[in-house]
Amino acid sequence: MAAGARRAGPGAAVTALRAACLVLAVGPAAASRPSEVGSPGEPRGRVQVLSAANWSLVLQGQWMVQFYAPWCPACQQIEAAWENFAKESEHLDIAVGKVDVTQEPGLSGRFFVTTLPTIYHAMDGVFRRYRGSRTSEDLQGYILERKWEAVEPVAGWKSPSSIMMHGMAGLFHFSGWIRQIHSYFTGTLGIHVWGSYAIFILSTLLIGLILGLILVLMADCLCPSKPRYREEASVELIEKENMQLTAVEEVEEAEEFSANELEEAAEEKKDISDGEDGAKSSEEANSSEDGSEEEDSAVDEGSGTEETEDICEQHPTDSETQSSVRQRKSQVADNGL
């Protein structure tokens, strides 16, 4: 079959993709299939096998739960001690369970199991990590002496019943599906390991594109884009508003310019009126000076005429005296005769 798959080439890849879809479809059913060590919830040597289907039993009462793997040497060493501890569970008023992480990857993710074996103590949904010795006597003393009360419980956000651990369980469960698909490709179909990796890469890209397309469609449905004509109308409105704003600015600039011109014209008129007033004042000053000069000249002329009149008045007096003298001389002469 492997040789036929290699010769098929692209046909084998298509078959692998179909097988991947089939495994994804039946994955949950395969994952919830009972473990080989016993069916979930049924006592087997007084140890209850827990799975994703019945793990909620741990949320009620007092429990001690062990997470193990069949290939783990440390888990194999404490298997007998764990069975003995479970036999004494009736006297201790406690339930003892175990989880195979190879069969229940989702449940191991819910408890965030990173080392094996891992043991948890639970009391009414409050979980504490057991870090003591793994002998049957120490386990019984941990319960009888209530040593678990001195242990700090797991934080609320890390509690197996929290929302975050629900998501972690889903992630671990998904990783289990991928491992099963990879085993199916390489074992059943005989595809090379790198061929299986290539199929996973292409599937991841294809799923990403599909999810992106779905998100885009959802965004378009929730927030539809505006129609074209609305955009054009909005553009026209914006242009009109801009034109109106520019027109208003131009009017304001023109008003400011005219106001400035009026102020400048008023200042020029004021300067001109001030100049005319200055010229008038200077002319009046000059005219006043000319008037004073004319008055002075008139006074001078008046004094001259008075002097001539005095001279003229003086001349008749001289002639009269001369005539009187002549008359006297003539009289004297006449008398002498």
Subject >> Counterpart residues, side chain to side chain contact (heavy atoms under 4.5 Å, CB included), relative to I210 (two or more places apart) >> reply: L206, I214
Do [X] and [Y] have side chains that approach each other closer than 4.5 Å (heavy atoms only, starting at C-beta)?
{"X": "V216", "Y": "D220", "result": "yes"}
{"X": "Q62", "Y": "H121", "result": "yes"}
{"X": "F127", "Y": "V65", "result": "no"}
{"X": "Y197", "Y": "I191", "result": "no"}
{"X": "Y68", "Y": "V101", "result": "no"}
{"X": "Q66", "Y": "V47", "result": "no"}
{"X": "P70", "Y": "T102", "result": "yes"}
{"X": "Y120", "Y": "R129", "result": "yes"}

Checking [X] side chain against [Y] main chain: does a donor-acceptor pair fall under 3.5 Å?
{"X": "N242", "Y": "I238", "answer": "yes"}
{"X": "R110", "Y": "P160", "answer": "yes"}
{"X": "R128", "Y": "V151", "answer": "yes"}
{"X": "N54", "Y": "S51", "answer": "yes"}
{"X": "D124", "Y": "G61", "answer": "yes"}

Subject >> Pair D138, S133: side-chain N/O donor-acceptor within cut-off below 3.5 Å >> reply: yes
**OP:** Decide whether Q140 and S136 meet the rule of one side-chain donor and one side-chain acceptor closer than 3.5 Å.
**Re:** yes
Look up atom [atom1] in [X] and atom [atom2] in [Y], then write down how far apart they are to the nearest 0.5 Å.
{"X": "L215", "Y": "L213", "atom1": "CG", "atom2": "CG", "answer": "9.0 Å"}
{"X": "T204", "Y": "I199", "atom1": "OG1", "atom2": "CD1", "answer": "11.5 Å"}
{"X": "L139", "Y": "L144", "atom1": "CG", "atom2": "CG", "answer": "11.0 Å"}
{"X": "E149", "Y": "K147", "atom1": "CD", "atom2": "NZ", "answer": "12.5 Å"}
{"X": "R131", "Y": "Y142", "atom1": "CZ", "atom2": "OH", "answer": "10.0 Å"}
{"X": "N84", "Y": "E79", "atom1": "CG", "atom2": "CD", "answer": "11.0 Å"}

Subject >> Contact summary for E104 and A52, nearest pair of heavy atoms >> reply: OE1-N, 3.2 Å
Original post:
What pair of heavy atoms forms the shortest contact from P117 to R134, and how long is it?
Top reply: O-NH2, 3.6 Å
Please indicate whether [X] has more than 12 foreign heavy atoms, meaning atoms of other residues, nucleotides or ligands, lying under 6.0 Å from its [atom1].
{"X": "D93", "atom1": "CG", "value": "no"}
{"X": "E152", "atom1": "CD", "value": "no"}
{"X": "F200", "atom1": "CZ", "value": "yes"}
{"X": "I163", "atom1": "CD1", "value": "no"}

**OP:** Only counting residues at least two apart or in another chain, list the ones meeting ring pair (Phe, Tyr, Trp, His ring centres under 6.0 Å) with F67.
**Re:** F111
Can [Y] be reached from [X] by stepping across I, L, V, M, F, W or Y side chains whose heavy atoms are under 4.5 Å apart?
{"X": "I78", "Y": "V96", "answer": "no"}
{"X": "I178", "Y": "L189", "answer": "yes"}
{"X": "L107", "Y": "W63", "answer": "yes"}
{"X": "W148", "Y": "V126", "answer": "no"}
{"X": "W71", "Y": "V99", "answer": "yes"}

**OP:** Please test F85 against I143 for side-chain contact (heavy atoms from CB on, under 4.5 Å), starting from the C-alpha separation and ending with a verdict.
**Re:** CA-CA 11 Å; F85 174 63; I143 301 301; 4.2 Å; yes
Subject >> Step-by-step side-chain contact (heavy atoms from CB on, under 4.5 Å) determination, I119 to W82 >> reply: CA-CA 11 Å; I119 299 174; W82 194 255; 3.8 Å; yes
